2 protein chains.
Amino acid sequence: MEHKLREFFDNALKEVSLDCTVFGFHEGELKVLLLRWKGTEEWSLPGGHILLDESADDAAGRILSQRTGLSDVFLQQFYTFGNVNRYVYHPEKELLEKLEATFGKGFFDGIIFRRTVSIGYFALVEFAQVQPTPDWFTDECRWWSLAEVPRLLFDHNEMIERALKALRQRIRNQPVGYNLLPEKFTMPELQRLYETILDRPFDRRNFQKLLMSYDILERLEEKRVGAANKSPYLYRFVKEKYDRAGLEGISFSM
Amino acid sequence: MEHKLREFFDNALKEVSLDCTVFGFHEGELKVLLLRWKGTEEWSLPGGHILLDESADDAAGRILSQRTGLSDVFLQQFYTFGNVNRYVYHPEKELLEKLEATFGKGFFDGIIFRRTVSIGYFALVEFAQVQPTPDWFTDECRWWSLAEVPRLLFDHNEMIERALKALRQRIRNQPVGYNLLPEKFTMPELQRLYETILDRPFDRRNFQKLLMSYDILERLEEKRVGAANKSPYLYRFVKEKYDRAGLEGISFSM
DNA sequence: CCAAAAGTGTTTTTATTACACCCATGA
DNA sequence: TCATGGGTGTAATAAAAACACTTTTGG
């Protein structure tokens, strides 16, 4: 296995890594996918290295697909982290000791590099579709509510902060939701997604008016039943129109 | 000299480079700074590598300062270029041959790397303040009008395109101009800057109204004289207010 | 029958756009 | 004196925000 890893690095960029902030939406909360490193209580974002014959975007897709089981996810680069002190919360020695206890002494020689720059990606995924899967360095992969994210390894807390900013920026120029919600959803659910991402309330009537004005949503005959209240209509995105709106840009200015 | 270069690379990241699109504004046109490679007619953006003890932002500042003589310029990362085929317009063999004719055969072994990822920065500078200065690989550094930029080495045409998009994006959320104009300027000059960047005309009265509403500009008593028309007032940015507006964000929505 | 949440339009306010005449300057 | 470009305000239109009552549902 060690052998396989070294082989991987022979075919990969060493000084460049890549980390993904994977956003999901569940029970009215934004969540991110985190990994716990083998033999430790330390968490980090999913990430990895770029193969020599692979673009950065392809690498991000590959890594994401390995951690979630999904392909063709919404995935976008948002910032490249190039500080010298990116490892400030790298309990450098202690972490290495713990990991060597698990992986064997000297295992990381030639795998942990003197300095790396990391390209930050964020992904939007449908919570229920994800099969969180740890990688070879980690033994747990699970969702965390944004508010409960612990202190992470490296500069990964900063990465999440910036990813969230990028998402908030994006939501004002492009529709968001297709990737985060199940195929059919209600208007109040979509509204809660927007309220969660932007962390502020909207007026129901104005919200519906604005979203419908983009002409990317289709209201279905079906309603969601089961709650002790009036059954809300179900909607779905019209993919072609949604994609077109994404390219041409919208102005969500509430 | 070769020695010095190799020494540099011993202390620098090899798989990561960095390229700057430097925007200036002169005679009503946006210009970018380009370099011509020694012994060739090939042009590229100014760029370089990151030292091991230097952040990516610091490296960009260093490189920019070497090419322009300026320090403390507005400089911002906008995208990281990670395609495998970044060298498509790298007339790979021909360029290398020409360069080896200048620098000596085998000179580039160990300096041109199997694969690099490049962090794109864009800079806004005051045209008249710049002292264009070639680097060690190039023998000419000069301004080019955006419209006249030739086919560049590597993926640098794409970089400029994306940099311009980033600038256009930025101009709608943050004031731009402090870095591109001389200290004192007229309202029509500022308007022409906006018109040039966004490539569309504005109404004079509405433009002035909106810009003044941000409360970042001060109208001076002085006027610009010399033209065969009514002398326009001079304005200047109030730095503290300009910076605050930059942090808090404005909405330029004309 | 009650609590909970969804459906629905109109008015007010604010922001954006369109538009034209006079004035100062240098040649 | 004339051509050029700058200074200035108001009215019309469009967009955003505020706002409340009725309906349906399950318990």
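Per chain, numbering begins at 1; letters A, B, ... match sequence-line order. This is a predicted model, so every value here is computed, not measured.
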Worksheet item: Over how many whole Å does the gap from M212(A) atom CE to dG7(C) atom C1' extend?
Response: 13 Å
Item to complete: Looking at every strand, decide which applies to S253(B) at a 4.0 Å heavy-atom threshold: base, sugar-phosphate, or nothing.
Response: sugar-phosphate
Discussion item. Both S251(B) and Y233(A) contact DNA chain C. Which one's nearest nucleotide lies toward the 5' end?
Written reply: Y233(A)
Worksheet entry | Check: N229(A) side chain, dA3(C) base, donor-acceptor under 3.5 Å | no
Worksheet entry | Rounded distance in Å - CG (L190(A)) to P (dG7(C)) | 12 Å
Item to complete: Write down the distance between CZ (R200(A)) and C1' (dA17(D)), rounded to a whole number of angstrom.
Response: 11 Å
Worksheet item: Does a donor on one side chain and an acceptor on the other come within less than 3.5 Å for Y235(A) and Q208(A)?
Response: yes
Worksheet entry | Side chain of R204(A) - closest among dT25(D), dG7(C), dC19(C) | dG7(C)
Fill in: Atom-to-atom span, CG of D203(B) to P of dG9(D) - whole angstrom
14 Å
Item to complete: With heavy atoms under 4.0 Å as the rule, sort R224(A) into base, sugar-phosphate or nothing.
Response: nothing
Worksheet item: Between dT8(D), dG26(C), dA6(C), which nucleotide gets closest to the side-chain atoms of R192(A)?
Response: dA6(C)
Worksheet item: How would you label the contact of M187(A) with the nucleic acid (heavy atoms, under 4.0 Å): base, sugar-phosphate, or nothing?
Response: nothing
Worksheet, complete the sentence: Exactly one candidate in F154(B), W144(B), W37(B) meets ring-ring contact (aromatic ring centres under 6.0 Å, His included) with W43(B); the answer is W144(B)
Discussion item. Rounded to whole Å, please give me the gap between CD in Q208(B) and P in dT16(C).
Written reply: 17 Å
Worksheet item: Which nucleotide in the list dT8(C), dG5(D), dG9(D) gets nearest to the side chain of R205(B)?
Response: dG9(D)
Discussion item. Return whichever of L210(A) or K223(A) has its heavy-atom-nearest nucleotide of DNA chain D closer to the 5' end.
Written reply: L210(A)
Discussion item. Can you measure F202(B) atom CZ to dG7(D) atom P for me and round it to whole angstrom units?
Written reply: 18 Å
Worksheet item: How close or far is atom C1' of dG7(D) from atom CG of L234(B), stated in whole angstroms?
Response: 14 Å
Practice prompt. Test ring pair (Phe, Tyr, Trp, His ring centres under 6.0 Å) on F207(A) and Y194(A) and set out the steps.
Written response: CA-CA 10 Å; F207(A) 182 83; Y194(A) 271 73; 5.5 Å; yes
Response to the item:
Side-chain atoms of K209(A) come closest, of dT8(C), dA17(D), dG7(D), to dA17(D)
Worksheet entry | Closest listed nucleotide, where the reference is the side chain of A228(A) and the choices are dA17(D), dG26(D), dT24(D) | dG26(D)
Worksheet item: Which heavy-atom pair separates I171(A) from F252(A) by the least distance, and what is that distance?
Response: O-CB, 3.5 Å
Worksheet item: Would you call the rings of Y242(A) and F237(A) parallel, tilted or perpendicular if under 30° counts as parallel and over 60° as perpendicular?
Response: perpendicular
Worksheet item: Is the shortest side-chain N/O distance from R219(B) to OP1 or OP2 of dG6(D) below 4.0 Å?
Response: no
Worksheet item: Between dG7(C) atom P and F207(A) atom CZ, what is the distance in whole Å?
Response: 12 Å
Discussion item. Closest approach to the side chain of P188(A), judged atom by atom: which nucleotide of dA6(C), dG6(D), dG9(C) is it?
Written reply: dA6(C)
Worksheet entry | Reference residue F127(A); test ring-ring contact (aromatic ring centres under 6.0 Å, His included); the match among W143(A), F185(A), F23(A) | W143(A)
